[in-house]
*Asks:* 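After the structure tokens below, expect a handful of questions from me.
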Amino acid sequence: MSKSMMQAVKSVVGQPLVLHEIEKPVAGPGQVLIRVEAAGVNRPDIIQRAGRYPPPPGAPETLGLEVAGTIEAVGSGVSRWKGGESVCALVPGGGYAEYAVAHEGSVMPVPKPLSVVEAAGLPETVLTVWNNVFHMGHLKSGETILIHGGASGIGTTAIQMAKALGAKVYATAGTDEKCRLTESLGATRGINYKTEDFEAVMRDAGGVDVVLDMVGKPYFDKNLTILKDLGRLCYIAFLQGSKVEGDLTRLMMKRLTVTGSTLRIRTDEYKGMLAKGVVEKIWPIIASGQFKPLISHVFPLAEADKAHAQMEANDHAGKIILQVKA
Ligand SMILES: NC(=O)c1ccc[n+]([C@@H]2O[C@H](COP(=O)([O-])OP(=O)(O)OC[C@H]3O[C@@H](n4cnc5c(N)ncnc54)[C@H](OP(=O)(O)O)[C@@H]3O)[C@@H](O)[C@H]2O)c1
């Protein structure tokens, strides 16, 4: 029998992203096959493409960590999903393609009132924020959070989720325009990290309970300085270095917690637990209009290379999406 084929984005280190034909995946036990209509672009895709973030064992080589579309088929043992449902999903890879396979626990309904394109920008971003800020960082209503990279896909999501769940939000960004954008999404104050010292601003503001950081090295000690007693410092990346130096006296005197995680390598069960949490707690916030993913640009799948160039130039605010079907 001849194999079914599909279009997917081919990624080779140092070469442009182009479409090629590969075998269409099949839903195994406990899995769902999704006809992809749109896929989110995330910074980890850029890092994988450069050869510095290999897919975990068993994951597809094709880039792409989040998709939205229609369920095409379900594997054995799947009872909660059926063909034809409109869904978004976290995938271990393979999102930049016409079809992608997700574990059933990582699949979520497209939340009302969002379009499929908007929903494609949710899974990786919302689950990462939910895991780090709320599940591990224990941000509570009435607390204050500083979100570094506030205009990023992660940042624009974190600002809106934190604000909607009752926190006071501050954010850093690289231009005044991006700072105003963070304020329009709910931040009390956007801090331009190129012209202002966030440490001084946050000290004047009385400190923070939680910091979400993707910058790393140059911010570590400053983050420790601005955290209040029992504060939490949550790492999701280290864009400017992973080897840090800081004064542990601050950590001990204020009983701080430093934590961090990466979503992709977690088990299907853990991701399923996070997905259940966001459908319960975040989908209603989306339905109420308090949180809407900010879409920066939508590119056709065939123009994935342009989409990556835009992210690498930091010439975006919010999410970049690849659209598979017009
Ligand atoms: N741990 C996980 O599970 C996980 C999952 C998904 C993503 N991530 C990480 O989260 C980060 C954001 O991902 P994304 O997809 O949202 O990427 P993105 O939109 O490209 O965001 C990167 C952001 O970093 C900001 N930045 C760079 N240097 C900075 C500095 N010195 N101070 C403050 N902000 C700075 C940039 O801000 P400006 O443009 O304003 O300069 C930009 O908004 C990436 O590093 C990614 O690898 C981690």
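Counting starts at 1 for both ligands and their atoms, in listed order.
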*Asks:* How far is atom 41 (O) of ligand 1 from its nearest protein heavy atom, and which residue and atom is that?
*Replies:* Y193 OH, 2.5 Å

*Asks:* If you define the side chain from C-beta out and look only at heavy atoms, does anything of V208 sit under 4.5 Å from L227?
*Replies:* yes

*Asks:* Show which atoms of ligand 1 fall inside a sub-4.0 Å distance from at least one heavy-atom site of S261.
*Replies:* 1 (N), 2 (C), 3 (O)

*Asks:* Quick one: which of V169, V201, I191, D213 gives a side chain to side chain contact (heavy atoms under 4.5 Å, CB included) with L146?
*Replies:* I191

*Asks:* Quick one: NE2 on H135 to CH2 on W130, what's the gap to the nearest 0.5 Å?
*Replies:* 9.5 Å

*Asks:* What protein heavy atom is closest to atom 43 (O) of ligand 1, reported as residue, atom name and distance in Å?
*Replies:* S152 CB, 3.2 Å

*Asks:* Can you pull out the closest protein heavy atom to atom 40 (O) of ligand 1? Residue, atom name and distance to 0.1 Å, please.
*Replies:* G174 N, 2.7 Å

*Asks:* Give the atom numbers and elements of ligand 1 that come within less than 4.0 Å of a heavy atom of R43.
*Replies:* 13 (O), 14 (P), 15 (O), 17 (O), 18 (P), 20 (O), 22 (C), 44 (C), 45 (O), 46 (C), 47 (O)

*Asks:* To the closest 0.5 Å, what do you measure between CG (L114) and CH2 (W283)?
*Replies:* 8.0 Å

*Asks:* For the ring pair (Phe, Tyr, Trp, His ring centres under 6.0 Å) test, which of F198, Y170, F220 pairs with H148?
*Replies:* F198

*Asks:* What atoms of ligand 1 come closer than 4.0 angstrom to any heavy atom of Q240?
*Replies:* 28 (N), 31 (N)

*Asks:* Please state which part of H316 comes within less than 4.0 Å of ligand 1, counting heavy atoms only: side chain, backbone, both or neither.
*Replies:* side chain

*Asks:* So how far is it from W81 CH2 to M108 CE, rounded to the nearest 0.5 Å?
*Replies:* 8.5 Å

*Asks:* Relative to the heavy atoms of T172, which atoms of ligand 1 are at a distance of less than 4.0 Å?
*Replies:* 33 (C)

*Asks:* Output the list of atoms in ligand 1 that are nearer than 4.0 Å to some heavy atom of M311, sorted by atom number.
*Replies:* 20 (O)

*Asks:* Flag the pair T257 / M136 as yes when at least one side-chain heavy-atom distance between them is below 4.5 Å, and no otherwise.
*Replies:* no

*Asks:* Which residue owns the protein heavy atom closest to atom 4 (C) of ligand 1, what's the atom, and how far is it?
*Replies:* T128 CG2, 3.7 Å

*Asks:* Salt-bridged, R49 to D305, with N to O below 4.0 Å?
*Replies:* yes

*Asks:* Report, in ascending order of atom number, the atoms of ligand 1 lying under 4.0 Å from any heavy atom of G153.
*Replies:* 16 (O), 19 (O)

*Asks:* Closer than 4.0 Å to some heavy atom of L239 - which atoms of ligand 1 meet that?
*Replies:* 24 (O), 27 (C), 45 (O)

*Asks:* When you look for heavy atoms under 4.0 Å from ligand 1, do you find them on the side chain of V215, its backbone, both, or neither?
*Replies:* side chain

*Asks:* Going by the order shown, which atoms of ligand 1 are within less than 4.0 Å of some heavy atom of A237?
*Replies:* 9 (C), 45 (O)

*Asks:* Quick one: nearest non-hydrogen protein atom to atom 25 (C) of ligand 1, plus distance?
*Replies:* G149 CA, 3.9 Å

*Asks:* Closer than 4.0 angstrom, basic N to acidic O: yes or no for E183 and K178?
*Replies:* no

*Asks:* If you measure from each heavy atom of Y219 to ligand 1, is any distance below 4.0 Å?
*Replies:* yes

*Asks:* Does Q160 use its side chain to pair, donor to acceptor, with the backbone of T156 at less than 3.5 Å?
*Replies:* yes

*Asks:* How does I236 reach ligand 1, by side chain, by backbone, by both or by neither, if only non-hydrogen atoms under 4.0 Å count?
*Replies:* both

